[in-house]
Novice: 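One structure follows; several queries about it will come next.
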Amino acid sequence: MNALLELKNIRHAYGRQTVVNDLSLVLKKGAIGCLLGPSGCGKTTVLRCIAGFEPISTGEIALNGVVISSAGFVLPPERRHIGMVFQDYALFPHLTVLANVGFGLHRMQKTERAARIHEMLKTVGLVDVGGKYPHQLSGGQQQRVALARALAPKPDLLLLDEPFSNLDVTLRGRLSLEVRDILKSQNATAILVTHDQDEAFAIADEIGVMHQGEIQQWDTGYNLYHRPANRFVANFIGQGVFLPGKILDPHHVEIELGTLAGEVPHQCMPDCQLCREGNPVDVLIRPDDIVHDDASPLQAAVMHKAFRGADIMYTLRLPGGGTALSLVPSHHNHAIGEKIGIRLEADHVVAFSQSTSS
């Protein structure tokens with residue numbers, strides 16, 4: 001693998017408080033990575049360590065095979081050839097859009113500099129606003145100017161720190177896709193930090209779910225959702241509930257709603273003692289695993305409903321007393337307390353032993 005960025009067992013602490021603990025990751029050239037997690041998990045600190053704003057006490061950070069941070073050594077940020085898009089965009093209010101985008105291009109010849117500025121404004125779709133000032137732009141336009149400015153010097157790596165947090169939900173969704181297209185068109189290597197799963201899924205090729213300063217799983221969005229490595233990832237990604245189950249054999253587990261086929265429990269190795277027939281497990285059931293079916297003899301009572309336009313998210317009381325979620329097309333509009341027919345339609349198992357919290 002052609003690794004552009006590599007973090008090897010890095011640690012960072014503020015006094016006695018460890019914020020990043022023995023963290024490692026590898027990002028290949030041209031890939032978009034994401035650090036995803038709740039507030040306080042250490043994701044922004046990792047970004048600051050990569051940028052050179054914070055030191056590390058152990059491990060090392062390498063860019064293009066060259067160590068840029070290690071214990072007792074921090075290459076200054078301006079010598080790392082890393083671009084950054086900040087949460088508040090950090091545009092210079094007294095400079096025009098043209099001047100903002102060209103700020104890091106002072107070593108270029110005038111004609112070359114003008115051509116690069118025009119190229120970047122064309123890339124982000126803002127050629128017509130070059131003479132305006134940041135305060136004259138919308139939030140989405142300011143975000144794209146900040147992206148153009150960061151990409152203009154052709155950095156080896158681009159860092160994006162919660163770049164959409166100041167925008168409304170609708171604009172965030174649209175810009176997420178636009179930013180991915182822009183980064184890919186420039187063959188840029190980037191790391192995004194966010195707490196928003198939708199942003200992570202829309203932009204990143206690989207995502208690292210963080211918790212208490214550690215990466216719990218570094219994987220594709222699909223695998224994080226369908227093949228979570230542990231309970232934290234399973235609970236954090238998407239929506240779902242755990243239902244009690246029982247192992248029938250190494251490939252089947254039985255729950256109240258039926259029998260699921262797959263490798264169970266999810267975290268077990270083939271020789272694991274917890275995987276034996278009859279052992280209890282907790283099985284993760286997603287809203288899309290439970291299908292509304294009027295013809296099904298299995299019924300559940302509607303406890304709560306959340307209208308989402310095309311869909312309704314139902315919280316259901318199962319016959320055995322447990323609860324589950326089901327995402328149903330909104331033309332199936334049922335009342336609170338009403339019983340509806342459901343059936344299990346899941347083609348894989350995500351299960352964890354009831355005797356472990358990992």
Novice: Please find the pair of heavy atoms, one from Glu199 and one from Leu192, that lie closest to each other, and give the distance.
Specialist: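 Distance-wise, the nearest heavy atoms are O-CD2, 4.3 Å.
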Novice: Would you say Ile191 and Ile32 make side-chain contact, with heavy atoms under 4.5 Å?
Specialist: no
Novice: Ring of Tyr222, cation from Arg227 - is the NZ or CZ under 6.0 Å from the centre and inside 45° of the axis?
Specialist: no
Novice: Taking all non-hydrogen atoms of both residues into account, name the closest pair between Gln216 and Val233 and its distance.
Specialist: CB-CG2, 3.7 Å
Novice: For Gly83 versus Pro155, what's the shortest heavy-atom pair and its separation?
Specialist: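 Minimum heavy-atom contact is N-CB, 3.5 Å.
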Novice: Just do the salt bridge (Lys or Arg N to Asp or Glu O under 4.0 Å) check on Arg231 and Asp282 with the steps written out, would you?
Specialist: CA-CA 10 Å; Arg231 283 178 187 263; Asp282 291 327; 3.0 Å; yes
Novice: Check step by step if side chain to side chain contact (heavy atoms under 4.5 Å, CB included) holds for Val179 and Gln143.
Specialist: CA-CA 10 Å; Val179 166; Gln143 192 268 351; 3.5 Å; yes
Novice: On a heavy-atom basis, which atom in Ala71 and which in Ser57 lie closest, and how many Å separate them?
Specialist: CB-O, 3.2 Å
Novice: Between Ile336 and His304, what is the shortest heavy-atom contact and its length?
Specialist: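 Of all heavy-atom pairs spanning Ile336 and His304, the closest is CD1-CA, 3.7 Å.
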Novice: Would one find more than 12 heavy atoms of other residues, nucleotides or ligands at under 6.0 Å from atom CD of Glu78?
Specialist: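 Atom CD in Glu78 is crowded, with more than 12 foreign heavy atoms closer than 6.0 Å.
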Novice: Counting only N and O atoms by type, is there a donor-acceptor contact under 3.5 Å from the side chain of Asp161 to the main-chain atoms of Phe86?
Specialist: no
Novice: Examine the side chains of Glu254 and Thr259 and answer whether a donor and an acceptor come within less than 3.5 Å of each other.
Specialist: no
Novice: Taking all atoms of both residues into account, what is the closest heavy-atom pair of Val241 and Thr323, and its distance?
Specialist: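 Smallest interatomic distance, heavy atoms only, reads CG2-O, 3.3 Å.
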Novice: Can you label the angle between the His292 ring and the His332 ring as parallel, tilted or perpendicular, going by 30° and 60°?
Specialist: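 His292 and His332: tilted rings.
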Novice: Could you check Arg79 against Ile68 for side chain to side chain contact (heavy atoms under 4.5 Å, CB included), going step by step and ending with a plain yes or no?
Specialist: CA-CA 9 Å; Arg79 294 177 56 193; Ile68 57 175; over 6 Å; no
Novice: Report yes or no: is the cationic atom of Arg149 (NZ for Lys, CZ for Arg) under 6.0 Å from the centre of the six-membered ring of Phe92, at an angle within 45° of the ring normal?
Specialist: yes
Novice: So, Glu119 and Arg116, do they make that salt bridge, N to O below 4.0 Å?
Specialist: yes
Novice: Below 4.0 angstrom, N of the basic side chain to O of the carboxylate: do Asp205 and Lys184 qualify?
Specialist: yes
Novice: Is there a salt bridge (Lys or Arg N to Asp or Glu O under 4.0 Å) between Glu178 and Arg174 once you walk through the steps?
Specialist: CA-CA 6 Å; Glu178 289 183 8; Arg174 180 169 60 81; 2.8 Å; yes
